[in-house]
Novice: 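The structure is given below, and queries will be raised subsequently.
Just so it is clear, the structure is predicted and the values come from calculations on it, not from any experiment. Residue numbers start from 1 in every chain, and the chains themselves are labelled A, B, ... in the order their sequence lines are given, proteins ahead of strands.
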2 protein chains.
Amino acid sequence: MNMRSDLPQLLVKAGLTILEEEGAEGLTLRRIAARAGVSHAAPAHHFGGLTGLKNAIATQGFQAFYGDLVAAQDSLPGDADPFQRLLTVNLAYIRFARRHPALFRLMFEQWPTQDDDLRMTAQATYVVLHQCCTPLVQDRKRAPFETAIWAMTHGFAMLNLDQPYPPGSPVQMPSYEEALRLLVG
Amino acid sequence: MNMRSDLPQLLVKAGLTILEEEGAEGLTLRRIAARAGVSHAAPAHHFGGLTGLKNAIATQGFQAFYGDLVAAQDSLPGDADPFQRLLTVNLAYIRFARRHPALFRLMFEQWPTQDDDLRMTAQATYVVLHQCCTPLVQDRKRAPFETAIWAMTHGFAMLNLDQPYPPGSPVQMPSYEEALRLLVG
DNA sequence: TTACTCAACTTGACAGTGTAAAGGAAATCA
DNA sequence: TGATTTCCTTTACACTGTCAAGTTGAGTAA
């Protein structure tokens, strides 16, 4: 083990910081390395290249994402109304996207990959949504119902990424609850 | 007017071709210029820089997108079932995204911009969806209903961009009809 | 015709980018 | 001790966007 305890983790963290502060354009091997205080070739050594580092950053992003969703789920009592639980979790989904637009974009750009860590971390996130949907399925078919909810939430998040509060836009945060109600019934 | 009739249009077309053939990574001022047979600084002259050229490409993309949606709408007789009409248009939406994933991503990345051409072209696209939703609103509130449908369709398209046909994924093309049916009733 | 203007490019230079090869330094191992 | 491996640096290279300056050629006015 080297003097600095864990350079890969340090690099991922530097990448996340840059992503928040400067957006996707600033996410550069050399700038990440500079912020971590190492030479520009160090990241490539640990992650194989820019793609590998992006995958690692996306993986960490999905972990934080998962944490937010679980926290939202746990913020309600166990006997809470299933609709309120689903709404709360999905609003956390959308809020994460709005708070970390560059990271959110990166996550779902890197998502289709061979990287097993990234794929499995992303899949773990979906389980939360799946659990929230289950008690609401009722007499519907499970798969299309889940698909509809996930797609609607993800689309809502995507369309609100960079246009946070456009007055005339048909997509606005407050209307998500009504939209979800239309679907769940 | 120069010998070559319309270089800006030629550059946009070259960009679209590169986007289809090589994806977003190939979309470079210099490669676009090379494919159009001009010097590497010519694009910057006409579009002010890479951003301007990307905006122009995205605008053209939205025009093609609009054309696909209108064609889908017109493929049905005037007295067709409103649900079938909405479904047909939305499947065209999703199919466009699947056929041109890199362009689709670019379009919605450049979408939040000051470029009036791009913004207005993109907005024209939404009108098609709006029209298809109208006869299905019934006793619901219009805005959340439209939002729900658009978000679901867009999310579906996004989640199917790069994972075209994953066997186990909860998101699959055939299930969109069922998902839409859940929402429209 | 001649001189001027101006838009449409080209050329050249520059800082910044990812990647790869080679080297070094220090820890680990035999 | 000597050899090896891991971690990282240095160096080099091709490629990128942008900028400034130069070129070209067609129109315009005198």
Novice: Go along nucleotides 18-24 of chain D 5' to 3' and tag each nucleotide: B for a protein heavy atom under 4.0 Å from its base, S when only backbone or sugar atoms are that close, - otherwise.
Specialist: BB-----
Novice: Go through dC9(C), dT10(C), dC8(D) for me and flag the one nearest to the S39(B) side chain.
Specialist: dT10(C)
Novice: Would you please say whether a donor-acceptor pair under 3.5 Å links the side chains of Y176(A) and T153(A)?
Specialist: yes
Novice: Check this for me: does any side-chain nitrogen of one of R140(B) and E178(A) sit under 4.0 Å from a carboxylate oxygen of the other?
Specialist: no
Novice: Just so I know, are the side chains of M152(A) and F156(B) near enough to count as touching, which here means a heavy-atom distance under 4.5 Å?
Specialist: no
Novice: Relative to the ring of H154(A), is the ring of F104(A) parallel (under 30°), tilted (30 to 60°) or perpendicular (over 60°)?
Specialist: tilted
Novice: Is the shortest side-chain N to carboxylate O distance from R181(A) to E177(A) below 4.0 Å?
Specialist: no
Novice: Can you measure D6(B) atom CG to dA8(C) atom P for me and round it to whole angstrom units?
Specialist: 10 Å
Novice: On DNA chain D, compare the nucleotides closest to A42(A) and G26(B); which residue's is nearer the 5' end?
Specialist: A42(A)
Novice: Go through residues 11-20 of chain B and report each residue with a non-hydrogen atom lying under 4.0 Å from DNA chain D, sorted by number.
Specialist: none
Novice: NA contact type, T28(B), heavy-atom cut-off 4.0 Å: base, sugar-phosphate, or nothing?
Specialist: sugar-phosphate
Novice: Atom CZ of R31(B) and atom C1' of dG17(D): how far apart are they, to the nearest Å?
Specialist: 15 Å
Novice: Hey, does the side chain of R85(A) reach the backbone of P77(A) with a donor-acceptor pair shorter than 3.5 angstrom?
Specialist: yes
Novice: Examine distances only and state if a side-chain atom of T28(A) and a backbone atom of R30(A) form a donor-acceptor pair shorter than 3.5 Å.
Specialist: no
Novice: Grab the CZ-C1' distance between F47(A) and dC8(D) for me, whole Å please.
Specialist: 14 Å
Novice: What integer distance in Å separates H46(A):NE2 from dT19(C):P?
Specialist: 16 Å
Novice: Output yes when E21(B) and R35(B) qualify as a salt bridge under the 4.0 Å nitrogen-oxygen rule, no when they do not.
Specialist: yes
Novice: Using atom CG of L10(B) as one end and atom C1' of dA8(C) as the other, report the distance to the nearest whole Å.
Specialist: 14 Å
Novice: Figure out the CD1/P separation between I32(A) and dC8(D), and round it to whole Å.
Specialist: 15 Å
Novice: With ring centroids as reference points, do F65(A) and Y93(A) lie under 6.0 angstrom apart?
Specialist: yes
Novice: Given atom NZ of K54(B) and atom P of dT16(D), what is their separation to the nearest angstrom?
Specialist: 13 Å
Novice: What's the NE2-C1' distance between H45(B) and dC6(C), to the nearest Å?
Specialist: 10 Å
